[in-house]
Structure formats: C-alpha cells, structure tokens
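Inspection log for the structure reproduced underneath, given as structure tokens.
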Amino acid sequence: MAEATSSKPETKSDFLRIMTERGYLHQLSDHAGIDALAAKGELTTYVGYDCTAASFHVGNLLSIMMLHWLQETGNKPIVLMGGGTTQVGDPSGKDESRQMLTLDGIEANKMSLKQTFSRLLRFGEGPSDAVMVDNAEWLTPLNYIAFLRDVGRHFSVNRMLSMDSVKLRLDREHELSFLEFNYMCLQAYDFVELSRRYGTRLQMGGSDQWGNIVTGIDLGRRMGAPQLYALTCPLITTASGAKMGKSAQGAMWLNADMKPPYDYWQFWRNTEDADVGRFLRLYTLLPLDEVARLEALGGAEINEAKKVLATEATAIMHGREAAERSAMTAQQTFEQGVTSADLPSVTVSAEEWNAGIGVLSAFVRAGLLASTGEARRQIKGGGLRVNDEVLGDERRVLVDADRVAEGAVKLSLGRKKHVLLRAP
RNA sequence: GGAGGAGUGUCCCGAGUGGCAAAGGGGGCGGACUGUAAAUCCGCUGGCUACGCCUUCGUAGGUUCGAGUCCUACCUCCUCCA
C-alpha cells in the first residue's frame, strides 16, 4: 500500500468512500485533492485502453467498474481508446516479440471493444455523461521534432530511470527499448491533452500503470496544466494466487461472441470460497450490507453467495435476462440432473452426421478438446461422458439413438463442461 | 571489434552420456474425496487414417547405421574486454 493512503484523512466524497469500502484502491496521489473535486462532481477522470484484442477480459473489468462508480457519484468518465498508442505498443511485461498490429486490425479491435462500455456507462453530452475518445486523434498528426521541442524537453530521463518499471528492467539486465520510453511519454502526453480538452484531472488504471500516470502528472505540472491526480487499483489475484481470469483455456473475455454468457456465469460460479466477499464488492453493484450477509454464509451455504455473484456479474456484462437464463441452465444441469437445451451447443451438418461421427472427433468438433489424441487420453482417465454415461469405447460412433436430449447428443468433459452436439 | 556463455517438448522453468517422443518441476486438464470451493492423493500433459506412421531441442548444411548431443556457417540474447 502507498504511504499516501496510510494517513487516512477523512473522506467527504461518495466516490472515494465507495472506492475505499469496496476495495478498489491501491494507490492514490493526493487523497484530499481528489476527494475535494469528487465531492463537487468535478472529478473528470479517464482510463486508457489499448486496442490489442477484440475484447476486454476480466482483468480489464476493474477499471471499467471504477468508471461506473465515478459516474454514479456524479463525475464525468472519459474512455480513452488507444488507437494511437496501440500502434506503438506497450512493450512492458512481454519478452516475446509481439506482432505488429495493422491499422485495420487496431480499428477493428477498437470497434469491438466499444460495446463493453455501454452497459456500465451512460454516454452523452451532459456534465456527467461519459465520453469516448481515441488518442490517434492527436498522436497521429504529431511531428517528431515539434513533439520533442514542445513536450519531450519536459521529460527528465533521470526521473524516468528511477521509476519502478524501468529500474526493474535495468536491475534484471533485461532489454529496455527506446520504444518503451516513448510509450510512457505518449501516455503522459495523453493525460495533458485530455486535461486541456475535457478538463480531465484524474487518471485511473491498474497498479502497473502508476509510473506512467505519475509521469503524466509531472508533465502536466511542467506544461502548466492544473494539478493532475493518479489513482490505481490493485492487481487482482485469486486466493490461490492465480491471475484473475487467465487460464490455459485463454482469457475470460467480456464479449459474448468470444465467451458465451453461460461460460461467463460458470466462471464466477467457480470462485473460491475465500474470494466470494471480495469479488462481490469488486465485480457486482450489490449494496454492501447485502454483500456482508452473503459473505457471512458458511460451509456449503456459500454456494448460494456464489450463485448471486455469478448472476450479478453476468447481468452487468450480458444483461439480466442472459444471466438468469445461465443460472437456470446451471441449476438444471447441476442440481436437477436434467439436460438443458440452453447448454452451449455445436451444430454439425447433415452430411457430417450421416457419415457417422466417431466419439473422438465429436469431442474435438464440440470444442471440448483440442485433438483426438487428447480425447483418447481423457477416455483412459474416465473424463469423457456421452449423455451422462462414462465413455469407455474410443471407437464408438454416434448414431441417431444417441440424440436423446432435445435431438442432440450431450457431450461432457469432466463434471462441469457440457456441450450439446446438434445435427439437422 | 575481441574473449567467453546461452538458445530444449509452441504455457513457463529446466536436466540431458551419440540410440530420445527426450529426466524433473510449475501450470493446466481429468479421476477420487467434496459443496460446481480449497486442501490432499492418483493419472495425463507432441500429431495422426494409431500394435504402425509423422513431426519436435534457435536456423541451414555436414559427419554417422543413428544427432538435442559431434563438425561448419548463420541468427538472437547475455557476460567480460575495447
């Protein structure tokens, strides 16, 4: 925790009170300054998002929730899409050479990412309505020499070298490219530019962004901007120490076309006991007394809290209806032992079905397994089931008689993953 | 520019003597136990038209019946010297 927060001054603003109570705060640069602006509804705040993928994932969710609460408490959120900075690429963290994204790819990602915000933020022209901008707007036309003279002269390399992110790389003797310096500078410049255009005063982000944000504050001071502020949220890990939403299966995407609501619901349903209270505060909008009640449930009853967590979190991203349907599907599947027609399904063509699908390829076709070899191994381990019966014969071919549930074959990997294989 | 060291299973780390689909971890996936949890224990963790075939140890050649292992060139990274 930052020393800046340790003094615990009195909080007047709803925004900071909520940030504190719900566990969003990691570091902030000036509690009193931020608090005063927030209390007046003048804390225009931005978070920047690079367009490196077509969807956000659970790891990005925290900052979006923070923007939501900011708006709820009467302040103006600004969503900055990094159409410009993505062209440079943030090299921090990655040691593998990242492929350069094409301009078209960045644009496509940007359009796809935009949809995430609509459920949590209200956009418009009003004083606390959210605004979305793209930093390509001012970064692309920049002239190198002019930028160096006007902006670059304010950067102190000495100071940048003392930043944690840089120091770490230097100490470990890892390559630190000039590109990375530029990224920091561009992000800092964004902050100043946004303060000019929208009166932005605060930048929020993950704890790894602290250095970059503070660099922006510094630049703002040197370029005559009003006092700027920083606020970061913690890097969320599960109680077991795993990074939030990252698995071998891939990221837990927020876009429904990349991760169906049912899977999203299941993700939250499988939260560890020890995380339930914390996640309810961070990832749902439930009032804190309700959270406290759910958190207090012990033993197997905690499962009720997990269901609430799953439904509430899913409702935020995919809507109440999809969340309820996911909950229903789960109840039928896990509690009643009934095959639900709403389970994820994969449809094969009539020709494919009539040609006779072997069980091995059926599981691969359903997307449950990556290869027939893996299917063979899972059969040996007793991990595959067809219509809820453990599969022992890897040579078995699916026939019409197997289509018992809703005209589909229910394929299961382990106890939790089910897919309906449909054919016309 | 000179001297030395390193690149291993496409998730990561990491052993490796000329017979290697390649030790051991971590992670992941399955099974058991449970509560769709954690912890614990067990199994699996290159591909396929599968008692066989194919592809893998930075890249390209070479020696050999046989190369991750030996030789040559090249690429990348690191350390020391200039």
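Because the structure is a prediction, the values reported are computed rather than measured. Naming convention: chains lettered A, B, ... in sequence-line order (proteins, then strands); numbering from 1 in each chain.
For the residue pair Gln203(A)/Gln209(A), the side-chain donor-acceptor check at 3.5 Å is not satisfied. With 3.5 Å as the limit, one finds no donor-acceptor pair spanning the side chains of Tyr189(A) and Asp150(A). Using modelled atom types, one finds a donor on one side chain and an acceptor on the other under 3.5 Å when comparing Gln332(A) with Ser340(A).
Among G30(B), G47(B), G35(B), the nucleotide with an atom closest to any side-chain atom of Gln378(A) is G30(B). Picking from G46(B), A37(B), A32(B) the nucleotide with the shortest atom distance to the side chain of Lys416(A) gives A37(B).
At a threshold of 4.0 angstrom between heavy atoms, the contacts of Trp268(A) with the nucleic acid are absent. Within 4.0 Å (heavy atoms only), Arg415(A) reaches sugar-phosphate atoms of the nucleic acid but no base atom. Within the 4.0 angstrom heavy-atom criterion, no nucleotide atom of any strand lies near Leu369(A).
Here Ser412(A) pairs with Arg385(A), Asp388(A), Lys410(A), His418(A) under the side chain to side chain contact (heavy atoms under 4.5 Å, CB included) rule; sequence neighbours left out. Residues satisfying the side chain to side chain contact (heavy atoms under 4.5 Å, CB included) test with Ala355(A), not counting sequence neighbours, are none. Listed by chain and number, the residues in a side chain to side chain contact (heavy atoms under 4.5 Å, CB included) with Glu352(A) are Val348(A), Ser349(A), Ile357(A), Arg365(A) (sequence neighbours excluded). Under the side chain to side chain contact (heavy atoms under 4.5 Å, CB included) criterion, Ala54(A) pairs with Asn109(A), Ser112(A), Met258(A), not counting sequence neighbours. Not counting sequence neighbours, Asn143(A) has no partner by the side-chain hydrogen bond (donor to acceptor under 3.5 Å, both in side chains) test.
Residue pairs satisfying the ring-ring contact (aromatic ring centres under 6.0 Å, His included) criterion with at least one member in residues 367-416 of chain A, sequence neighbours excluded, are absent. Sorted by first and then second residue, the pairs that involve residues 130-140 of chain A and meet salt bridge (Lys or Arg N to Asp or Glu O under 4.0 Å), not counting sequence neighbours, are Lys110(A)-Asp134(A), Glu137(A)-Arg197(A). Sorted by first then second residue, the side-chain hydrogen bond (donor to acceptor under 3.5 Å, both in side chains) pairs that include residues 288-298 of chain A, not counting sequence neighbours, are Arg281(A)-Glu295(A), Glu290(A)-Arg293(A). Pairs of residues two or more places apart, or lying in two chains, never qualify as ring-ring contact (aromatic ring centres under 6.0 Å, His included) while including a residue from residues 360-415 of chain A.
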Using the 3.5 Å cut-off, write out each protein N or O paired with an N or O of nucleotides 49-53 of chain B and the distance between them.
from	atom 1	to	atom 2	distance (Å)
A50(B)	N7	Arg376(A)	NH2	3.3
A50(B)	N6	Thr372(A)	OG1	3.4
A50(B)	N6	Arg376(A)	NE	2.7
A50(B)	N6	Arg376(A)	NH2	3.1
A50(B)	N1	Arg376(A)	NE	2.6

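Here G30(B) presents its C1' atom at 14 Å from NE2 of His418(A), a figure rounded to the nearest Å. What separates CG of Asn270(A) from P of G28(B) is a distance of 13 Å, to the nearest Å. Regarding Arg377(A), its CZ atom lies at a distance of 12 Å from the C1' atom of A21(B), rounded to whole Å. Atom CD of Glu374(A) is separated from atom C1' of G28(B) by 10 Å (rounded to the nearest Å). Regarding Lys306(A), its NZ atom lies at a distance of 3 Å from the C1' atom of A37(B), rounded to whole Å. Rounded to an integer number of Å, the gap from Leu297(A) CG to A37(B) C1' is 14 Å. Here the P atom of nucleotide A37(B) and the CD atom of Glu304(A) are 15 Å apart, to the nearest Å. Following rounding to the nearest Å, Lys307(A) (NZ) and A37(B) (P) show an atom-to-atom distance of 13 Å.
Toward the 5' end of RNA chain B, the nearer of the two residues Leu413(A) and Ala370(A), judged by each one's closest nucleotide, is Leu413(A).
Rounded to whole Å, the P atom of A3(B) lies 28 Å from the corresponding atom of U63(B). Taking atom P in both A67(B) and G19(B), one finds a spacing of 11 Å when rounded to whole Å. For the P atom pair drawn from C78(B) and A73(B), the interatomic distance equals 23 Å after rounding to whole Å. Nucleotides A22(B) and G14(B) place their C1' atoms 13 Å apart, quoted to the nearest Å. With C1' as the reference atom, C54(B) and G2(B) are 45 Å apart, rounded to whole Å. Comparing the same atom, C1', in G30(B) and in G68(B) gives a spacing of 31 Å after rounding to whole Å. Using atom C1' as the reference point in both A82(B) and U17(B), the two lie 39 Å apart (nearest Å). For the P atoms, the distance linking G25(B) with A15(B) amounts to 15 Å, nearest Å.
Base pairing analysis places U40(B) opposite A32(B); the two distances defining the Watson-Crick or G-U wobble pair are each below 3.5 Å. Base pairing of A21(B): no nucleotide in any strand meets the Watson-Crick or G-U wobble criterion (both distances under 3.5 Å). Across all strands shown, the partner of A6(B) is U76(B), judged by Watson-Crick or G-U wobble contacts whose two distances both fall under 3.5 Å. C70(B) and G62(B) make up a base pair, with Watson-Crick or G-U wobble contacts both under 3.5 Å. In this structure, U55(B) forms no base pair with any nucleotide, since neither Watson-Crick nor G-U wobble geometry is met with both distances under 3.5 Å.
Taking 90° from 0 as the syn/anti boundary, the base of C42(B) is oriented anti.
Residues of residues 379-391 of chain A having a heavy atom closer than 4.0 Å to RNA chain B, listed by number: Gly381(A), Gly382(A), Gly383(A). Taking every heavy atom of residues 330-338 of chain A and every atom of RNA chain B, pairs under 4.0 Å involve Ala330(A), Phe334(A), by number.
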Exercise for the section: Kindly determine whether His68(A) and Ile64(A) satisfy side-chain contact (heavy atoms from CB on, under 4.5 Å), including the steps that lead there. Expected result: CA-CA 6 Å; His68(A) 169 83; Ile64(A) 304 174; over 6 Å; no

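Asp190(A) places no side-chain N or O within donor-acceptor distance of the main-chain N or O of Asn135(A), the cut-off being under 3.5 Å.
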